[in-house]
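All remarks here apply to the structure that follows.
Every chain is numbered from 1, with letters handed out A, B, ... down the list of sequences.
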Protein chains: 2
Amino acid sequence: MGQYVAPLRDMQFVLHELLKVEDEFKQLPAHAEIDRDIINQVLEEGGKFASEVLFPLNHSGDREGCHLDKETHKVKTPAGFEAAYKQYVEAGWPALSCDPEYGGQGLPIVVNNCFYEMLNSANQAWTMYPGLSHGAYECIHEHGTPEQKALYLPKLVSGEWTGTMCLTEPHCGTDLGMLRSKAEPQADGTYKISGGKIFISAGEHEMSQNIVHLVLARLPDAPSGTKGISLFIVPKFIPNADGSLGKRNPIFCGAIEEKMGIHGNSTCQMNLDNATGWLIGEPNKGLNAMFVMMNAARLGVGMQSLGLTEVAYQNALVYAKDRLQMRSLSGPKAPDKPADPIIVHPDVRRMLLTAKAFAEAGRAFSSYIALQIDRELNHPDELVRKDAADEVALLTPIIKAFLTDNGWIATSEAMQVYGGHGFISEWGMEQYVRDARINMIYEGTNTIQSLDLLGRKILMDNGAKLRKFGDKVKAFVEANGTDEKMSEFITPLGDIGDKVGKLTMEIGMKAFQNPDEVGAAAVPYLRVVGHMVFAYFFAQMAKIALEKEASGDNFYKAKLATARFYFARLLPETAMLIRQARSGASNLMALEADLF
Amino acid sequence: MGQYVAPLRDMQFVLHELLKVEDEFKQLPAHAEIDRDIINQVLEEGGKFASEVLFPLNHSGDREGCHLDKETHKVKTPAGFEAAYKQYVEAGWPALSCDPEYGGQGLPIVVNNCFYEMLNSANQAWTMYPGLSHGAYECIHEHGTPEQKALYLPKLVSGEWTGTMCLTEPHCGTDLGMLRSKAEPQADGTYKISGGKIFISAGEHEMSQNIVHLVLARLPDAPSGTKGISLFIVPKFIPNADGSLGKRNPIFCGAIEEKMGIHGNSTCQMNLDNATGWLIGEPNKGLNAMFVMMNAARLGVGMQSLGLTEVAYQNALVYAKDRLQMRSLSGPKAPDKPADPIIVHPDVRRMLLTAKAFAEAGRAFSSYIALQIDRELNHPDELVRKDAADEVALLTPIIKAFLTDNGWIATSEAMQVYGGHGFISEWGMEQYVRDARINMIYEGTNTIQSLDLLGRKILMDNGAKLRKFGDKVKAFVEANGTDEKMSEFITPLGDIGDKVGKLTMEIGMKAFQNPDEVGAAAVPYLRVVGHMVFAYFFAQMAKIALEKEASGDNFYKAKLATARFYFARLLPETAMLIRQARSGASNLMALEADLF
C-alpha cells in the first residue's frame, strides 16, 4: 500500500544551503531566534506525523469518502480522520506559524510551508480540513474587529475550531460578481444571511467543535457586480462571548458532491436560511478581504500538487527498483535475476526524473516564495517589505498554476511507471492522479491564474515587477557567466531570461491593439515564466552541488544529475510554449461560435 | 447528463471526400459493390444505436461497476448492459466486418472502424465486451484449424459468444517471456491448463452464452522466454460439436479489480485449474498468433481514445456556449445577458479546439489505416497488399500511442472547460478522463509502442517503411507547393517531413554506439512522427476545404479554421519533442539507480 518518507534532506538543502534562511531570519525581528536546529526538529516531527498518522489514512479515506446524514445534517468523515485531527490539535500543529498574541507559536511561514508539503504528500484530502482553517485565520487576523479577533482567533489557532471559504454558487465560480446570496441587516448589528453555496471544501464535519464559515453575500441595495459583495463570519454554532458554543446556526450541508478525487474531504453544498452572520471588513469590500485568503490559498494549492508529486515519485521509484521486466537494451544489468529491474530502461527513468525534477524545483521555488512572505510580513525596512510583497504578488499565480500543471504531469508519469498496476486502486497511484486534478481548477482555474499573471501582475505595471525578478536572474547569470563548469546551466538560463523579456514586450504591444491577445497568450506564457523560475533555481542548486561535489556526498551528485535532466528534457517545453504564445489570437477567435 | 451525437458529417467527409473510399473499394473485389449510400446508412444506424442505447448507460455503468458473486463465480455487469448487448446481437452488429463464410456481413474494416468510434464515444466500458470478441474472431480466423473455425467463428460472428485475451500474469505484463501458466497435453489431444491471469477485460459476465478465452501458457519442456509460449482456446463452457454447450470449464473469475475507470467493464483475475484447452496455431508460437490480435487491438485502443476525445469535445462545447461567466476582454458579446457565454474567452477556445483538432485528425488518420487494412486483406495485387501491410505495421504503434496520449490531453482540457463542475461526477466529464487513462497503458504501454515504432518498425529495416510513407508526404508537398493558398499548410508540413528524416538518421547513428539511445529517444520521437502524420492529413483536408470554401457550406470554413489552429498551436509541440529526442541517453542514464 505504498510509502511516504519525508524528504528532510532535500528540505534542509533548500532551507539552509540554497535559501540560507537562518541568515534571513536574523534580519526579521520576529524570527531572529529561529535557528537551524529548531527548524530541523520541527520538520522531523512533522514528517513523522505525516508518515505515521496521516499517510495510513489516505487510501482508506479515498475508498470510504464522506457521508451525510440528511436527518441530523451531520457529515461522517472517513474512519481515522477525526482521531488524526485530535492528535494534530493536541500536538499543537495548527498554531505553528500563527500569531503568538492568539496562542500561536510564531514560526516562519517558510517552515509551515514545508510542513504542509509533507501533510499533502501524506493525505491531501485530510490536510484540506486544517488548511482551510488557516485561510479563515488569516482573513480574520487581517480584517476582523478586535472583538472578532479575540473571539475567533484563539480557537482557530488551537485548532478547536476549523474554517471554510464560502464563495461559489451554482451559477458563478470565476465570476463572483454574479453572486446572489443575501445579507439582511438586523437591529442588533448582525445580519441574516440566505443563499446556496456549492463546492465548499470541509464545509461540514465533526472533526472540530465549531466551523467558522466566511461567506460572501450581498447587502440590500448593494451595487451590482463585484463592488457589491460583502464578507461575513457565519459560525456553525454561534459562540458566546467566552468562546463557549451557543445555538446551531441555520447553515446546513444539503449534499456532498460525488467527485473525481479528494474523496476524504467533504465537498458540501451549503444552504443558508437566515443564518446569523457578522460583517467582516467594510461593506461591499468583501472581495478585497477574501483576496487575503486567496493568495495564501493559492500557495497552498501549489503545495498540494508539490506534495502529490513527491509522494508519487517516491512510490514509482520503489516500484521501478523492484519490478523485474525485460532486459536492458544495452545488455542485462541483473543477470542473476529473471529480468532487470525496470529502472534500467531509459524511458522509465525519464518518467521518474520528470517527477523528481518537478518536485525539487517546486520545493525550492515554493520555499523561496514562503520566505518572501515572511520578509513581507516581518522585515523592519518598508522598502524591503514592498519589494517582497511585489515578488509574492508576481509569483503566486505561477506557483498555483505551474506547480499544479506539473503535478498532473508528474503523478500521471509516476502512475505510468506501474504499467497496468498503476490503474488499479490498491496500488494507490491512480488516487494521486485523481486528487491532483482538482488543484488545476479550484482557487481560480489555471487559466484565471495566467490572466492574473500576464494581465494584472505584468502588463498593468508595464512589467515592473517582472523586471525586478528578471534582474535577479540576470545578476546570477552575470556573476556565474565566466565559470566554465556552470556554463551548461547559465547559457540556457540567460537565454530563457532574454526570451521572457522579448515575449512580454511582444504580447504587450499586441494587447494594445486587441485585448484578446492577452487571453490567447496567457496560459503558455505563464508556463514559460514558470520555466524561467525553475531554471533559475536549478542553476543555483547546481552551483551549490558543483561546489560540494568533491565532498563525495552523493546527494550533490544526484542534484546535479537532476538539474542536467531538467535543462535537457523539461526546459525545452519553452520552445513549444513560446511558439504557442506568439501565434496570436486569430487562430482561436476566427471561427464563429456557431460553427464549432 | 450530457449528450452524444454521432459526427456523421465529419465521417462522411473523411470517407468520401478525403479518402474516396468508394473508388478504393472498386479495386477490392470483396467490396466492389459497397457504395456511399450503404456506408452512410450503416453509420447512421450505428450512430443511433450508440446515442440511444449505449450512451444512456455510460454514466450509470461507471457508478455501478461490476460485481462478482464468489459463490456462483458469476459477474453482474451494470444495469442495462445485458439488454443493450442483446439488442446489439439482434441487430447483427457483431457481424458487420466479419467473413461471410461464417455468417459475417463482409463490410470493409474502415466502416466498422467508424462504427467503433461511435460505440466508444457512447460507452467505452460496454464496447470492450464485443471489442475483445473481435480480437478472438480474428485470431481463430487466421490460425484456427478448419474444425476450430467451424465451431467458434459462427458464434463469435453472431455475438452469441464473446471472447477474451488472457496474457498478463501478476509478475509479467510487458515481458510475456516470463509467464508461468502451464499446459499439460492429454491423450485426447486437448490440454489441461493451470495458472493465474490478471487484468482480463470482459473476463467473466452473463452477457453472452459462452466466453472464448484465448490463453497463453507453456507446454512441458518448452524453451524458456518468449519462444516457449503457446496459445490455447479455453472456452468457459466446453462446446459440443454442434455448438451446444457442455460442461463448465474450470476457468473462474477470482476477483474483479477496483480501478480508476472503465468501471462498467469486468476486469478479472482469472484462475485456471486444469481447465481444458485446445492448442491454436503451432506449439511455442503462441506469441505470433497473439500478435494478430494485438495489432487489431492496438488500432482498437486508439479508437477508444478517439471516441472519448469526440464525446468530451461535444459536451464541453455545449457547456461553453451555455455557461455565462465574465465578459469578453474585448467588450461584451452578449450584452443582454448577465455575462458572456464562456466560448468568447480565448483560452476556452484553445481548450475546445485542442480536442476538436485531435478528434478530426485522429478520425482521418485512423480511417486511413483501416482502409489500408482493407487493401492489405483484399487487394488483388500482391505488391499493393505488401505495401499496405508495411504501412499498417508502421502506423499501428502511432495510432495506439499518439491517439491515446492525445485523448488524455483532450479529455482533460474538455473537463477543464467546466471549471469546478468538471470535477463533479454527475456532469460526466471526469469519467472521460478516468476512462481515457487506461488506453495509454494496455495493449502495450505507450513506451512499448514507441520502442516498437523506432526500434522494430524503423531502425530494423533502415527506415524503408518510413521512407515510403515520407515519399507520400513529399509528393503532396511537391504537388501543392506552388499553390499560394496552401502555403500556410505546405511549408510547415514540408518542414516537419524534413525534420523527421534528419532526426531518424541522427538517432539511428547514435543507436549504433549505444542501444539505450533508442529507448531515450523513442517516446518523443513517436509523437514527432505522429504530428507529421496529423499535419499531412490536416493539409489534405485543408486543400479540400479551400476548394469548396466558395460553396458557402460552413463545414469547410470550420475545417479550415481547425486546420489553422492545428498548425499554429499543436504542431509546435514538435519544437519541444525534437529537442528532447535529440538530447540523448546520458541525461537519463548518468545517475546510478541507488542515487535516485
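Residue His421(A) holds its NE2 atom at 11.0 Å from CD1 of Ile441(B), rounded to the nearest 0.5 Å. Remark: Leu577(A) CG to Glu573(B) CD distance equals 10.0 Å, nearest 0.5 Å. Taken to the nearest 0.5 Å, the CH2 atom of Trp408(A) stands 3.5 Å off from the CH2 atom of Trp408(B). Distance check, rounded to the nearest 0.5 Å: CE of Met326(B) to CG of Asp175(A) gives 5.0 Å. One distance of note links CD1 of Ile424(B) with CE of Met260(A); it measures 11.5 Å at 0.5 Å rounding. Remark: Leu570(B) CG to Met576(A) CE distance equals 9.5 Å, nearest 0.5 Å.
Between chain B and the options Ile198(A), Thr267(A), Leu329(A), heavy-atom pairs under 4.5 Å are most frequent for Leu329(A). Most heavy-atom pairs under 4.5 Å with chain B, from the set Ala339(A), Gly261(A), Gly225(A): that is Gly261(A). Heavy-atom pairs under 4.5 Å with chain A peak, among Ile342(B), Asn514(B), Leu353(B), at Leu353(B). Counting heavy-atom pairs closer than 4.5 Å to chain A, the top-ranked of the candidates Gly519(B), Gly331(B), Pro524(B) is Gly519(B). Taking Asp594(B), Thr445(B), Val523(B) one by one and counting their heavy-atom pairs under 4.5 Å with chain A, the maximum is reached by Val523(B). The candidate with the highest count of non-hydrogen atom pairs below 4.5 Å against chain B, out of Ser586(A), Ala521(A), Ala568(A), Pro341(A), is Ala568(A). The residue among Asn554(A), Ile438(A), Thr447(A) with the most heavy atom pairs within less than 4.5 Å of chain B is Ile438(A). When each of Met589(A), Lys259(A), Arg349(A), Arg323(A) is scored by its heavy-atom pairs under 4.5 Å with chain B, the top score falls to Arg349(A). Put simply, of Arg63(A), Arg327(A), Lys333(A), Met429(A), the one with the most heavy-atom pairs under 4.5 Å next to chain B is Arg63(A). Among Gln416(B), Met351(B), Met440(B), Glu517(B), the residue making the largest number of heavy-atom pairs under 4.5 Å with chain A is Gln416(B).
Across all their heavy atoms, Lys557(B) and Glu592(A) have their closest contact at NZ-OE2, 2.8 Å. In terms of heavy atoms, Leu591(A) sits closest to Ala561(B) at CD1-CB, 3.9 Å. Listed here is the closest heavy atom pair of Pro515(A) and Ser330(B): CG-CA, 4.1 Å.
In this structure a side-chain-to-backbone donor-acceptor pair under 3.5 Å is missing from Arg579(A) to Leu571(B). Between the side chain of Gln325(B) and the backbone N or O of Gly173(A) there is at least one donor-acceptor pair closer than 3.5 Å. Looking at Glu257(A), its side chain never comes within 3.5 Å of a backbone N or O of Ser425(B) through a donor-acceptor pair. Ser583(A) contributes no side-chain N or O that, together with a main-chain N or O of Arg569(B), makes up a donor-acceptor pair within less than 3.5 Å.
Side-chain contact between Arg437(A) and Met415(B) is present, with at least one heavy-atom pair separated by less than 4.5 Å.
Residue Val344(A) touches chain B through its backbone alone, counting heavy-atom pairs closer than 4.5 Å. Proximity to chain B (any heavy atom under 4.5 Å) is shown, for Tyr566(A), by neither the backbone nor the side chain. When heavy atoms are compared at a cutoff of 4.5 Å, Tyr418(B) does not approach chain A at all. Proximity to chain B (any heavy atom under 4.5 Å) is restricted, for Ser328(A), to the side chain, taken from C-beta onward. The contact between Lys321(B) and chain A is made entirely by side chain atoms (from C-beta outward), counting heavy-atom distances below 4.5 Å. For Ile343(A), the part sitting under 4.5 Å from any heavy atom of chain B is the side chain, from C-beta outward, and nothing else. With a 4.5 Å cut-off on non-hydrogen atoms, Met178(B) touches chain A through its side chain but not through its backbone. For a residue to count as touching a neighbouring chain, one of its non-hydrogen atoms must lie under 4.5 Å from one of that chain's; by this rule Tyr442(A) does not touch chain B. Only the side chain of Leu317(A) comes within contact range of chain B, with at least one heavy atom under 4.5 Å from a heavy atom of that chain.
Taking the charged nitrogens against the carboxylate oxygens, Arg434(A) and Glu430(B) have no contact shorter than 4.0 Å, which rules out a salt bridge.
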Residues Ile262(A), Phe423(B); criterion side-chain contact (heavy atoms from CB on, under 4.5 Å); working and verdict: CA-CA 10 Å; Ile262(A) 52 165; Phe423(B) 199 68; 3.8 Å; yes
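None of Leu588(B), Val518(B), Leu451(B) except one satisfies the side chain to side chain contact (heavy atoms under 4.5 Å, CB included) rule with Pro346(A); the exception is Leu588(B).
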